[in-house]
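First comes the structure, then the notes that go with it.
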Protein chains: 2
Amino acid sequence: MQTIEQLLESKDIRVTAMRLLIYKFLAEKEVAVTLSDIEDAFEKSDRTTLYRTIKTFEEKDIVHQIDDGTGITKYALCEKGCNCEIETDLHLHFHCNNCNETICLTDHKIPQIKVPDGFVSENVNLVVKGICDKCSGQ
Amino acid sequence: MQTIEQLLESKDIRVTAMRLLIYKFLAEKEVAVTLSDIEDAFEKSDRTTLYRTIKTFEEKDIVHQIDDGTGITKYALCEKGCNCEIETDLHLHFHCNNCNETICLTDHKIPQIKVPDGFVSENVNLVVKGICDKCSGQ
DNA sequence: AAACAGATGCAATGGAAGTGCATTATTGGC
DNA sequence: GCCAATAATGCACTTCCATTGCATCTGTTT
């Protein structure tokens with residue numbers, strides 16, 4: 001079990017107080033968060049810092065970006081089973097139309113999608129919309 | 001074979017010169033277009049008009065919106081086999097990482113996606129990214 | 001301690017989406 | 001055909017999110 005510090009260092013990311021806090025914030029969240037969410041959680045800090053921190057995390061494959069169709073970019077920690085580095089990794093995200101939250105279903109893989117002749121599939125983005133387990137009353 | 005005028009009327013959309021032109025523009029395009037694309041094609045007209053025309057078309061299920069992950073909303077005509085009215089219609093779109101164009105693969109349906117217990121799937125947005133037939137050199 | 005690189009904060013920009021309101025065009029009743 | 005009602009169009013403006021430039025600060029290296 002490596003510490004967050006070790007994780008960041010292993011990815012060539014300089015460890016700062018802010019980065020540790022943001023990482024912890026993301027780790028505690030079970031849902032994908034927007035930049036605004038992070039802003040709200042760290043009002044003392046500047047938007048830009050938060051934005052650039054997320055971008056750094058993204059470059060180093062610590063978080064991945066999710067486009068759930070709300071028009072607002074969301075981010076979530078890459079967890080075990082999330083091979084974002086690999087182009088062909090098949091993400092699956094679920095967006096709840098009720099609570100408006102988006103979660104990462106890393107253990108639900110996407111079936112192979114057939115494309116017409118001449119087309120080359122490199123990557124698949126799949127967002128399922130509906131009602132999440134919390135909202136469906138279970 | 002009904003005319004565009006008849007189609008618009010059947011959907012309770014008042015026929016105007018602008019709407020006919022925009023419809024024809026969309027029909028000629030084989031790819032999904034952004035609002036900017038339409039703007040560029042109709043410089044004489046105002047953004048707002050084009051925007052509201054597309055929104056009207058969208059409400060009346062003449063075009064559907066596509067979120068291909070570029071962050072910019074695209075639109076495409078609903079064609080035969082495109083049942084946008086139906087929530088559960090399984091759209092499949094292809095975004096080319098080379099030419100940056102997005103096309104609608106209406107005849108390629110999406111397989112049933114399994115979601116965890118407690119989750120209810122209402123709608124699926126699937127975008128396959130890769131290289132399109134034109135760019136793959138076929 | 002000095003020099004450097006990188007992190008942070010502030011200000012500003014840009015692009016897309018959306019809205020309010022005045023003007024113009026179209027339709028339907030007379 | 002004319003007039004009133006209704007809808008479409010155009011202009012200006014606003015909002016929201018994403019992004020960048022630059023100055024400052026902090027931490028690291030020699």
Side-chain angles (χ1 to χ4, degrees), chain A residues 4-26 32-60 62-76 95 100 102, chain B residues 4-26 32-60 62-76 95 100 102:
Chain A
I4 303 174
E5 282 89 341
Q6 287 168 343
L7 171 66
L8 295 183
E9 278 168 4
S10 75
K11 300 265 189 178
D12 277 323
I13 300 175
R14 195 181 280 189
V15 176
T16 68
M18 208 57 239
R19 286 175 178 173
L20 287 173
L21 287 173
I22 294 174
Y23 187 95
K24 281 177 193 160
F25 175 75
L26 291 170
V33 298
T34 65
L35 194 56
S36 299
D37 292 334
I38 306 178
E39 267 184 84
D40 293 344
F42 299 98
E43 293 187 340
K44 299 285 180 59
S45 188
D46 189 74
R47 268 182 58 74
T48 316
T49 304
L50 305 171
Y51 173 73
R52 286 201 254 244
T53 300
I54 283 288
K55 285 297 166 189
T56 302
F57 283 1
E58 201 186 341
E59 275 172 25
K60 306 290 184 175
I62 285 182
V63 304
H64 65 263
Q65 197 171 323
I66 300 167
D67 178 6
D68 63 6
T70 56
I72 301 165
T73 306
K74 296 188 177 177
Y75 303 91
H95 177 76
N100 210 34
T102 299
Chain B
I4 303 175
E5 282 89 341
Q6 287 169 342
L7 171 66
L8 295 183
E9 277 168 4
S10 75
K11 302 264 188 179
D12 277 323
I13 300 175
R14 194 180 280 190
V15 176
T16 68
M18 207 58 239
R19 286 173 177 175
L20 288 173
L21 286 174
I22 294 174
Y23 187 96
K24 281 178 193 160
F25 175 75
L26 292 169
V33 298
T34 65
L35 195 57
S36 297
D37 292 335
I38 305 177
E39 267 184 83
D40 293 345
F42 298 97
E43 294 187 338
K44 300 285 181 58
S45 188
D46 189 74
R47 260 180 43 77
T48 317
T49 304
L50 304 172
Y51 173 74
R52 286 201 253 243
T53 300
I54 282 290
K55 286 295 165 191
T56 302
F57 282 2
E58 201 186 341
E59 274 172 27
K60 305 291 184 173
I62 286 183
V63 303
H64 65 264
Q65 199 171 321
I66 301 168
D67 178 8
D68 63 6
T70 56
I72 301 165
T73 307
K74 296 188 178 177
Y75 304 91
H95 177 75
N100 210 35
T102 299

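Residue numbers begin at 1 in each chain, while the letters A, B, ... track the order of the sequences.
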Discussion item. Let's see if you can work this out: which of C:dA17, D:dC11, D:dT19 has an atom nearest to the side-chain heavy atoms of B:L35?
Written reply: C:dA17
Item to complete: Give the rounded distance in Å between these two atoms: CD of B:E58 and P of C:dG18.
Response: 9 Å
Worksheet item: Taking the side chain of A:T48 as heavy atoms from C-beta outward, which of D:dA18, D:dT20, C:dA16 is closest to it?
Response: D:dT20
Worksheet entry | Phosphate OP1/OP2 of C:dA7: any A:R19 side-chain N/O under 4.0 Å | yes
Worksheet entry | Side chain of A:T73 (C-beta onward), nearest among D:dA18, C:dA16, D:dT9 | D:dA18
Discussion item. Looking only at the aromatic ring of each residue, does the gap between the centers of A:Y75 and A:F57 stay below 6.0 angstrom?
Written reply: no
Worksheet item: Do the side chains of A:V15 and A:L20 get nearer than 4.5 Å, heavy atoms only?
Response: yes
Worksheet item: In whole angstroms, how far is the P atom of D:dT9 from the CZ atom of B:F42?
Response: 12 Å
Response to the item:
To the nearest angstrom, the CG-P distance between A:D67 and C:dA16 comes to 15 Å
Item to complete: Kindly say if B:T16 contacts the phosphate of C:dT26, meaning a side-chain N or O under 4.0 Å from OP1 or OP2.
Response: no
Worksheet item: Is A:T34 near enough to D:dC17 that one of its side-chain N or O atoms lies under 4.0 angstrom from OP1 or OP2?
Response: no
Worksheet item: So, does A:D40 use its side chain to make a donor-acceptor pair with the main chain of A:D37 at under 3.5 Å?
Response: no
Worksheet item: To the side chain of A:R52, which of D:dT20, D:dT6, D:dC11 is closest?
Response: D:dT20
Worksheet item: When the nearest nucleotide of DNA chain C is assigned to A:R47 and to A:T53 on a heavy-atom basis, which residue is associated with the more 5' position?
Response: A:T53
Discussion item. Any side-chain N or O of A:T49 below 4.0 angstrom from OP1/OP2 of C:dA7?
Written reply: no
Worksheet item: Toward the 5' end of DNA chain C, which comes first, B:V15 or A:S45, by nearest nucleotide?
Response: A:S45
Discussion item. In this structure, how many angstroms lie between the P atom of C:dA16 and the CG atom of B:L50, rounded?
Written reply: 14 Å
Worksheet item: Roughly how many Å is it from NZ in A:K44 to P in C:dT8, rounded to a whole number?
Response: 16 Å
Fill in: A:L8 CG - C:dA7 P separation (whole Å)
11 Å
Worksheet item: How far apart are the closest heavy atoms of A:E39 and A:L50, and which atoms are they?
Response: CA-CD1, 3.7 Å
Fill in: Atom pair distance, as rounded to whole Å: CZ in A:R14 and P in D:dT28
7 Å
Worksheet entry | Phosphate contact (C:dA17 OP1 or OP2) by B:Y51 side-chain N/O below 4.0 Å | no
Item to complete: Quick one: pull up CD in B:Q65 and NZ in B:K74 and give me the separation to the nearest 0.5 Å.
Response: 12.5 Å
Worksheet item: Can you check the A:I54 CD1 to D:dC17 C1' distance for me, whole Å?
Response: 15 Å
Practice prompt. Side chain of B:I72 only, please: which of C:dA5, D:dC22, C:dA16 is the nearest?
Written response: C:dA16
